[in-house]
Amino acid sequence: MARSASSQTRSERRAWYAALATALVLSLLPTRWLVGWTSDVAQLVNVPIVALKHPFSLARAWLRPMPDPREAEPEKIQALESDLDAARTLYKRMEIENELLKERIALLEGAKLALLDGARAMSSSADRARTMYATVVGATPASSRSPSSLTLNVGSWHGITPGMVATWNGDVLVGRVADTVERFTSLVIPANGLNGFEVRFFPPDRDIPAADAPVGLLKATKEGIWTTDLRQASSPAGDIAEGWIARIADERWPQPSRGLRVGVVERVGPRDDAPLLKRVTVRPLVDALRVPHVVLIDESVAIPAESAQPAKGSAR
Amino acid sequence: MRWGFFLLLLIVAVVLDASFTQVFAIGRVHPSVTPALVVFVAMYANRSTAMWAALVAGLLVDLTTPALFDGTRPYHLIGPTILGFVFGTAIAIPLRTMVVRKNPLAFGFLVAFFALGAMVLITAISSARGWYAGTVPPWMSEEGRVLSWMWLGSLDALATGCLAVLLAWPLQRLGSGFGFAASSPWSSRRG
């Protein structure tokens, strides 16, 4: 009997120390390990408790209501002031929406203007450009499972097609729409994940003919930048240097996207294994994962001649 | 001790803390009911039962207190209140032999000590957790300094002690429901 009581005490003590150790370990676990499953466990307790909280909350609100600064005023004045507050809120909401629409129109117009300018620089026309505004609703960084991507709030239902070019701030390349477009969403592959497209390099401080600009084929690297190899012999436009701007000059890309700014030359150095070549490193002009919205461009829809003016409704 | 009765009162206490005790708030200081219940058990039950009751109460408080990781992702930190309540009970148990159990002021005094001990341990754990990325200790977002935070916690403990003085009488009336052993080995004369 005594032995049984002592073994019960011993097992109880063991259980107690195990419970304490578990509590200690749980309280010191890194937070990201607790996200998710702890909320599920807590739901088991919280769901029945929430029902009990309602009467106590009502009792609290009855015993100690929210102070109302208009409490002393007559009821009519209280009602009028409430209406006035509601009207003010509505007016402010309209003002904010108006500002956002203005920004969106300016962005679309800027994109159109930049496209026209870029197309002229590349000796082509932009009369077949189609632009579309989209908001970035998700940005997935690169992981061991997948490369980085942007999710847009528009899809095939809105007219998005694979290969459309996403731009930021009028003329900066963000990326291209992936091959599969969902009905209401689409994925954009960031520019620094795109490989093997042709660009021309232009100096930032002077204007040179596109035909004289050096041409390179950009190759993406793991670091999120591009490299290309150019011949050592200087081009008619002079030697390429840090700060030169790379612009799309690939015939396989939609015509309106040619001339878009892609990146800036970060480094120019010799190639040890090929003395006649120099290695050019290009860094993207914009961090695609931080872009809040984009303008998508394509060439598939012809625009009537009278609406080729940049300000007129190319946006859908 | 009758665990079913204790758990019922514990749930009521936790719900009161979450939804009702703000009625007694003075500025940012507001009292809690759960520590009073745990200390009441610690005054009458044997040591082992009192400790387990503190652990269960701490677990329930942790499970009903959400936190945010990186400002957006909710989670529940299970452990600090458990350890805090167990530590507070470990402080209250030696003191119970020195006080008159049925005296409301003595009860309030013990509850305030319990709450202070629990607050110190919970602050220590929160401070250690501040090293993790994305985990901000509560004083970083509110008071700015740990000492200000602890001062506020001390006032909370004092308020909890004051509320416990009021709760002493109803808890004494409910005492028979707990089914505590008739004679307590530490203080048979002071019952």
Side-chain angles (χ1 to χ4, degrees), chain A residues 5-67 137-141 289-290, chain B residues 8 10-25 33 47-49 51-52 54-56 58-70 72-87 90 121-122 124-126 128-136:
Chain A
S6 110
S7 81
Q8 192 185 347
T9 311
R10 217 179 301 138
S11 69
E12 193 184 329
R13 195 172 292 170
R14 246 183 255 138
W16 170 249
Y17 285 126
L20 268 192
T22 308
L24 184 64
V25 168
L26 281 175
S27 59
L28 293 176
L29 274 184
T31 313
R32 61 197 159 84
W33 293 2
L34 300 170
V35 175
W37 71 270
T38 50
S39 293
D40 295 339
V41 172
Q43 285 304 307
L44 297 174
V45 175
N46 284 315
V47 168
I49 279 184
V50 165
L52 284 173
K53 285 181 181 173
H54 283 289
F56 286 110
S57 300
L58 288 174
R60 185 191 67 201
W62 180 69
L63 283 171
R64 202 168 172 177
M66 281 275 291
V137 292
T140 312
L289 293 183
R290 301 185 68 174
Chain B
L8 189 72
L10 179 62
I11 289 169
V12 171
V14 169
V15 169
L16 281 172
D17 283 343
S19 313
F20 188 74
T21 49
Q22 287 91 338
V23 166
F24 306 110
V33 175
R47 184 185 170 87
S48 164
T49 306
M51 287 295 199
W52 277 108
L55 190 142
V56 171
L59 178 65
L60 198 66
V61 171
D62 278 336
L63 286 175
T64 50
T65 312
L68 284 178
F69 177 55
D70 273 344
T72 51
R73 299 161 71 190
Y75 70 99
H76 287 74
L77 183 58
I78 304 164
T81 316
I82 296 176
L83 297 173
F85 277 13
V86 168
F87 183 60
L121 198 85
I122 291 168
I125 291 171
S126 302
R129 294 188 61 79
W131 290 94
Y132 293 133
T135 310
V136 180

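Lettering follows sequence order; numbering is per chain, from 1.
Two residues are said to be in side-chain contact when any heavy atoms from C-beta on lie closer than 4.5 Å; A:Leu24 and B:Leu83 meet this criterion. Within the 4.5 Å cutoff, the side chain of A:Val41 has no heavy atoms near those of the B:His76 side chain. A 4.5 Å side-chain heavy-atom check between A:Asn46 and B:Leu63 finds every atom pair outside the cut-off.
The contact between A:Val45 and chain B is made entirely by side chain atoms (from C-beta outward), counting heavy-atom distances below 4.5 Å. Of the atoms belonging to A:Leu63, it is side-chain heavy atoms, and not backbone ones, that fall under 4.5 Å from chain B.
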Indicate every side-chain donor-acceptor pair of residues 12-24 of chain B with a distance under 3.5 Å to a residue at least two apart or in another chain.
| from | atom 1 | to | atom 2 | distance (Å) |
| --- | --- | --- | --- | --- |
| B:Asp17 | OD1 | B:Val33 | N | 2.6 |
| B:Asp17 | OD2 | B:Val33 | N | 3.4 |
| B:Asp17 | OD2 | B:Thr34 | N | 3.1 |
| B:Asp17 | OD2 | B:Thr34 | OG1 | 2.5 |
| B:Ser19 | OG | B:Val15 | O | 3.3 |
| B:Thr21 | OG1 | B:Asp17 | O | 3.3 |
| B:Thr21 | OG1 | B:Pro31 | O | 3.4 |

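Between B:Arg129 and A:Leu26, the closest heavy-atom pair is NH1-O, 4.3 Å. When every heavy atom of B:Tyr75 is checked against every heavy atom of A:Val35, the shortest pair comes out as CB-CA, 3.9 Å. For the residue pair A:Ala19 and B:Leu55, the shortest heavy atom distance occurs at CB-CD1, 3.8 Å.
Here B:Leu60 contributes atom CG and A:Ile49 contributes atom CD1; the two are 5.0 Å apart, rounded to the nearest 0.5 Å.
Per-residue counts of heavy-atom pairs under 4.5 Å with chain B were compared for A:Gln43, A:Arg13, A:Arg64; the largest is that of A:Arg64. Of the listed residues (A:Val25, A:Leu28, A:Asp40), the one with the most heavy-atom contacts under 4.5 Å to chain B is A:Leu28. The most heavy-atom pairs under 4.5 Å with chain A, out of B:Ile11, B:Thr65, B:Ile78, come from B:Ile78. Residue with the most contacts toward chain B among A:Leu44, A:Leu58, A:Leu29: A:Leu29 (heavy-atom pairs, distance under 4.5 Å).
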